[in-house]
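So the structure is just underneath, and the comments pick up after that.
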Amino acid sequence: MTISDALPHATAPDATRAPPPAAPEAAPGIDTGIAGDVAGDIALADRLGASLQAARAEIGRIIHGQGAVIDQTLVSILAGGHTLLVGAPGLGKTKLVTTLGIVLGLDARRVQFTPDLMPSDITGSEILDEDEHGHRSFRFVRGPVFCQLLMADEINRASPRTQSALLQAMQEHRVAIAGTDHALPSPFHVLATQNPIEQEGTYPLPEAQLDRFMLQIPLTFPDAAAERTMLLATTGAEDAAPVPVLSDRALAEAQRLVRALPVGDKVVDAIVRLVREARPETTSDPRLREALAWGPGPRAAQALMLTSRARALMDGRLSPSIDDIAALARPVLAHRMALSFAARAENRSLPELIDGLLGTLD
């Protein structure tokens, strides 16, 4: 279904926008919806929806057996966020980021995080230059963070000092060197990877930095059919190479449109209810209160709001639904919650608890 097909839903009472007078006002209690030229935004959404489908197909041609990972990563980028990819070695994390950079038309760079990596190795540093007249001055040499798509490979292997330097770039889209702020390119996204198997010589990311990642996406082993396809595609004389589908300008326009999509009251209420039920302080379920050490903050609700809009746009819909919230609950909430000691002793898991919370969306 195209965006145009969804137009009647956009003007229903549950949408965020009333039929447009010259200066439309949002209905009370509903998130503000598409701003400006509604018809123009709908036409733009149709065009972008087709381009996003083509981008998804092109990435899937290179990355086999990881359809859900591709979709969630694209959703995170469309929503303007950063992504944490967690999976064993050899599952295509690095290839996924490289392919994303080419298909989305972004300037992509990769940094291998190690314990001896210094903050200046990422952000850049000032060097002392001397010209032909003997005059000396400092010149800032930009680090690899000055790109549009940064792959932080095995981010938990860097020291906390280096992790904190990347944190400022992720949150503020700028770095401060010698008292001077340097803005990062736009759009700017970090796709970090972690290996859940090998933990020796690692520095676990603190909760404050984990919260900066919009989604945490687990990578699992592909099924037999996908692994067979991968085997044939990657061991021949030539590897398949991705081709650009979008540009950075088109991606920026899609990100603007995501924030303009209308969201109905029922979806907003479902997000608030889900996030509050996931906190031990505000949940109505005494079993959850005992099972959780802490729960997600308001940034989780913001992430659900944006990613559900992005998922709707990718599927050719004008506004998100409850199904979008359910599909994104795990990657949004799992890294923002922690089990209590008692729950861990009972071998309970966060995915299990989150799946149980989905009943609050009805």
Donor-acceptor contact below 3.5 Å, side chain S51 vs main chain R47: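 Such a contact is found between S51 side chain and R47 backbone.
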Is there side-chain contact between [X] and [Y], with at least one heavy-atom pair below 4.5 Å?
X	Y	result
I217	L84	no
L117	S159	no
L333	L274	yes
I122	V175	no
L149	L104	no
V268	M305	yes
P222	H64	no
I325	V267	yes

Return a table of donor-acceptor pairs under 3.5 angstrom between the side chains of residues 224-233 and protein atoms on other chains or two or more places apart.
| from | atom 1 | to | atom 2 | distance (Å) |
| --- | --- | --- | --- | --- |
| T229 | OG1 | A225 | O | 3.1 |

Going by the ring-ring contact (aromatic ring centres under 6.0 Å, His included) test, which pairs reach into residues 134-157, not counting sequence neighbours?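 Those involving residues 134-157 are F140-F146, F140-H182.
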Can you check side chain to side chain contact (heavy atoms under 4.5 Å, CB included) on I155 and F113, steps first, answer last? CA-CA 6 Å; I155 187 173; F113 279 57; 4.1 Å; yes
Evaluate whether atom CZ of R273 has more than 12 neighbouring non-hydrogen atoms of other residues, nucleotides or ligands under 6.0 angstrom away.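 Atom CZ in R273 is packed in, count exceeds 12.
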Taking salt bridge (Lys or Arg N to Asp or Glu O under 4.0 Å) as the test, write out the residues that go with R289, two or more places apart.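 Salt bridge (Lys or Arg N to Asp or Glu O under 4.0 Å) list for R289, sorted by chain: empty.
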Kindly write out the residues that satisfy salt bridge (Lys or Arg N to Asp or Glu O under 4.0 Å) with R299, not counting sequence neighbours, or none if the list is empty.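 Salt bridge (Lys or Arg N to Asp or Glu O under 4.0 Å) list for R299, sorted by chain: D211.
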Ignoring hydrogens, what is the shortest heavy-atom contact between [X] and [Y]? Give both atom names and the distance.
X	Y	result
S319	P262	CB-O, 2.9 Å
V69	P218	CG2-O, 3.8 Å
Q148	L106	OE1-CA, 3.4 Å
A293	P280	O-CG, 4.1 Å
L78	A254	CD2-CB, 3.6 Å
A169	V145	CB-CG2, 3.9 Å

Kindly compute the distance separating [atom1] ([X]) from [atom2] ([Y]), expressed to the nearest 0.5 Å.
X	Y	atom1	atom2	result
L210	H335	CG	NE2	6.5 Å
T98	K95	OG1	NZ	7.5 Å
F213	M170	CZ	CE	3.5 Å
R311	L74	CZ	CG	12.5 Å
D248	F188	CG	CZ	14.5 Å
T202	N195	OG1	CG	9.5 Å

Going only through I, L, V, M, F, W and Y residues with side-chain contacts under 4.5 Å, is there a path from [X] to [Y]?
X	Y	answer
M337	L288	yes
I59	M151	yes
M214	L205	no
M314	L48	yes
I177	L166	yes

Under the side chain to side chain donor-acceptor pair (under 3.5 Å) test, residues paired with T307 that sit two or more places apart: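 Side chain to side chain donor-acceptor pair (under 3.5 Å) list for T307, sorted by chain: empty.
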Answer yes if the side chains of T283 and E277 hold a donor-acceptor pair under 3.5 Å, and no otherwise.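 Result is yes, a qualifying pair exists.
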Q112 and R110 side chains, donor-acceptor separation under 3.5 Å: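 Present: a donor and an acceptor within the cut-off.
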What's in the same ILVMFWY side-chain cluster as F341, cut-off under 4.5 Å, chained through other members?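 In the cluster with F341 there is nothing else; it is isolated.
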Results of ring-ring contact (aromatic ring centres under 6.0 Å, His included) for F221 - residues two or more places apart only: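 Partners of F221 under the ring-ring contact (aromatic ring centres under 6.0 Å, His included) test: none.
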Donor-acceptor contacts, no H, no angles, side chain residues 348-355, under 3.5 Å, sequence neighbours left out:
| from | atom 1 | to | atom 2 | distance (Å) |
| --- | --- | --- | --- | --- |
| S349 | OG | E352 | N | 3.3 |
| D355 | OD1 | R330 | NE | 3.2 |
| D355 | OD2 | R330 | NH2 | 2.5 |

I need the full list of side-chain hydrogen bond (donor to acceptor under 3.5 Å, both in side chains) pairs touching residues 69-86, with sequence neighbours left out, sorted by first then second residue.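 Qualifying pairs: R56-D71, S76-T83.
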For S247, enumerate each residue passing the side chain to side chain contact (heavy atoms under 4.5 Å, CB included) test, keeping only those at least two apart in sequence or located in another chain.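 S247 satisfies side chain to side chain contact (heavy atoms under 4.5 Å, CB included) with R249, A250 only.
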Run the side chain to side chain contact (heavy atoms under 4.5 Å, CB included) test against S340 and tell me which residues pass, sequence neighbours left out.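 Here the qualifying residues are A342, A343.
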Under the salt bridge (charged side-chain N to carboxylate O under 4.0 Å, His left out) rule, what pairs show up with a residue in residues 174-197, not counting sequence neighbours?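 The answer is E172-R174, R174-D181.
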Could you check whether D153 pairs with K93 (Lys NZ or Arg NE/NH1/NH2 to Asp/Glu carboxylate O, under 4.0 Å)?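 The answer is no: the pair does not qualify as a salt bridge.
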